[in-house]
Visitor: 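I have a structure I would like to understand better, so I am pasting it below and will then ask my questions one at a time.
Lettering of chains follows the sequences in order, A, B, ..., and the numbering in each one begins at 1.
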Amino acid sequence: MNKLLVVALAVVLAACATVRKVESGSRPVGERMTMTIEGDWNHLDYPGIRPAQIWTMEGVTIDEFLIYSGIRDGQVMHPETPASSQKKNIVFRSNMQIEDVVAMFEGLLTRDGSTFRVISVEPYPFAGGQGFRFEYERIRKVDNVQQRGVGFGAVDRGELFALIYQAPRLTFFPRHKDRVEAIARTVSIR
Amino acid sequence: MKRRDLLAGGAACWACSLVHSAWAQTPADLDYAMPDRLTQPDPASDEGGLWALMDREERSLRRSPFAVRDGGLKAYVQDVACRLGGDHCPDLRIHLVRTPVFNATMSPNGMMQLWTGLLLRIENEAQLAAVVGHEIGHYLQRHTVDRLRDIKARSAFGQFLGLFGLAGAVGQLAVLASAFAYSRDHEREADRIGAILMHQAGYDVAEASRVWGNLLDELKARGQDPELISPLFATHPAPPERRETLAAYAAALPGGSAGDAAYETGTGRFLDEWLDDEVKRAQYAETLVLLSRLLTRRSGQGVIHLHRGDVYRLRGEKGDVDLAMADYQAAIRSADAPPRAYRGIGLTARQLGQKTEAVAALSRYLELAPDAPDARLIGTYVAELR
Ligand SMILES: [Zn+2]
């Protein structure tokens, strides 16, 4: 991680973002989703991150846990800013199949110029129903960090619920992967 | 100062020069004598400092996971540069960078970067020569960075949080490019020299203006007048003027070849990967214009139909299902029939409730690509449909 980036991030976070601790236990996320976590996470909030929540164990420049709860049909995923507004937004549609949802995240996670390669996609139980699970490799454009990522989710009554975790592939991804898998198993949607 | 930012800006030129044009008069001076080989300037000078910075940047670029390392492809592009650059050939080092955006940059130390989004959009060797010749023009004339703006910190932040929608690294690069652009006069001079070098090397200069025409078609597909898309276009003369200038050069420097077959042979085996990266941008209107244009190629029809089918399927607007199916069917009839076209047929048929067709096509896909990353997903679909 280069120094300038960290400084820039710190300055901006001080200006408009909040960080708060999320402690072990059962945690509601959004209106319909609840999940149980073990170990403390840091929940970072700032305007540009919506409609997701972003949590981190090691710091947001290292690992990112993106949580999507109750994304509705037609909702824009991380709207483009005025600076790049000539680009079309990426939108969730409730009739998306598993392969479409994975392609949507592929689009989001490469928007910064990063590469993305799907390693596996499979149906997977999620929140007591049929969902999906995928794994991928990503090379982050800004600093060439080689990441590994895993995603879980389901579309329930037309709304998308999904968890995505990505971290540097050699140290941090293996360190926290089981923790994330465990969280995914505890998700309930009402 | 962060080296990468300086590079992204200081050297950026081809894409940003889209905004510098305005010279639709008949070109007068079509003679050009290349200078002797350039030597590294005094390290104590500004130019020497920039040169050293670029040397360091080049070393990091060589290690970058985004650097395209295929020897054959690099040699092919390097050969084109050498045809154009003559005695300067050993000093021109071309680096190919995997990024699905149309851009090329030239640094004063002889490092040229071509992005894969540019290689995807180029139709023939003469168009490649137009881009490379223009960049060589900047190099030979020692054009230096004309403007600098202090936006480095902002851009670093924007790149990092690009994923979350604050600003994409790629979009940010475009902003940087405009901030660090060469002057309009330098762009004109590079265009003129590029055309002369093309002509001397036996390329059809008319292809240079086609590069701009094709780009304009994609920009228009965004649903806006190119001049309104960005403040950059609004404050500068329109790109069509530049296209006309280059067309005027072509009239004055007739003859030469386009080199379609050579380009397709040299780059064809990367078409699939570059199109994958292009489709992931999720900018479907522009990509459809590009894909339809690429279908005029002589080869790779199956891969192109496959990707156009994927774009229609992913876009999912009214009527897109039928268009997707037609493209997938065309793909499997093509000489290069890619296995993923069966996947596309199967997924589309499944959504239409055509179970028999879906099972047949998805099973065929799994036969042809048993190790595909989505094999378990597709296998489950087949089992559910049976
Ligand atoms: Zn230029």
Visitor: Does this structure show an ion pair linking A/R50 with A/D45, if we count only N-O contacts that are shorter than 4.0 Å?
Guide: yes

Visitor: Sort B/E384 into side chain, backbone, both or neither according to what part of it lies under 4.5 angstrom from a heavy atom of chain A.
Guide: side chain

Visitor: For the pair B/Y328 (side chain) and B/D310 (backbone), establish whether a donor and an acceptor sit closer than 3.5 Å, ignoring hydrogens and angles.
Guide: yes

Visitor: By a 4.5 Å heavy-atom criterion (distance strictly below it), what part of A/I98 contacts chain B: side chain, backbone, both, or neither?
Guide: both

Visitor: Between B/A282, B/A375, B/P65, which has the largest tally of heavy atom pairs under 4.5 Å with chain A?
Guide: B/P65

Visitor: Taking the six-membered ring for Trp, is the centroid-to-centroid distance between A/W41 and A/F65 below 6.0 Å?
Guide: yes

Visitor: Check whether B/R63 gets within reach of chain A through its side chain, its backbone, both or neither, counting any heavy atom under 4.5 Å.
Guide: neither

Visitor: Among A/Q97, A/E122, A/M96, A/E99, which has the most heavy-atom pairs under 4.5 Å with chain B?
Guide: A/E99

Visitor: Can you tell which part of A/Q146 gets under 4.5 Å to a heavy atom of chain B, answering side chain, backbone, both or neither?
Guide: side chain

Visitor: Output yes when A/D112 and A/R140 qualify as a salt bridge under the 4.0 Å nitrogen-oxygen rule, no when they do not.
Guide: no

Visitor: Heavy-atom distances under 4.5 Å only: say whether B/Y381 touches chain A with side chain, backbone, both or neither.
Guide: side chain

Visitor: Flag the pair A/Y68 / A/H78 as yes when their ring centroid distance falls below 6.0 Å, and as no otherwise.
Guide: yes

Visitor: What part of B/R343 gets closer than 4.5 Å to chain A, counting heavy atoms only: side chain, backbone, both or neither?
Guide: side chain

Visitor: Taking the ring of A/F152 and the ring of A/F126, is the distance between their centroids below 6.0 Å?
Guide: no

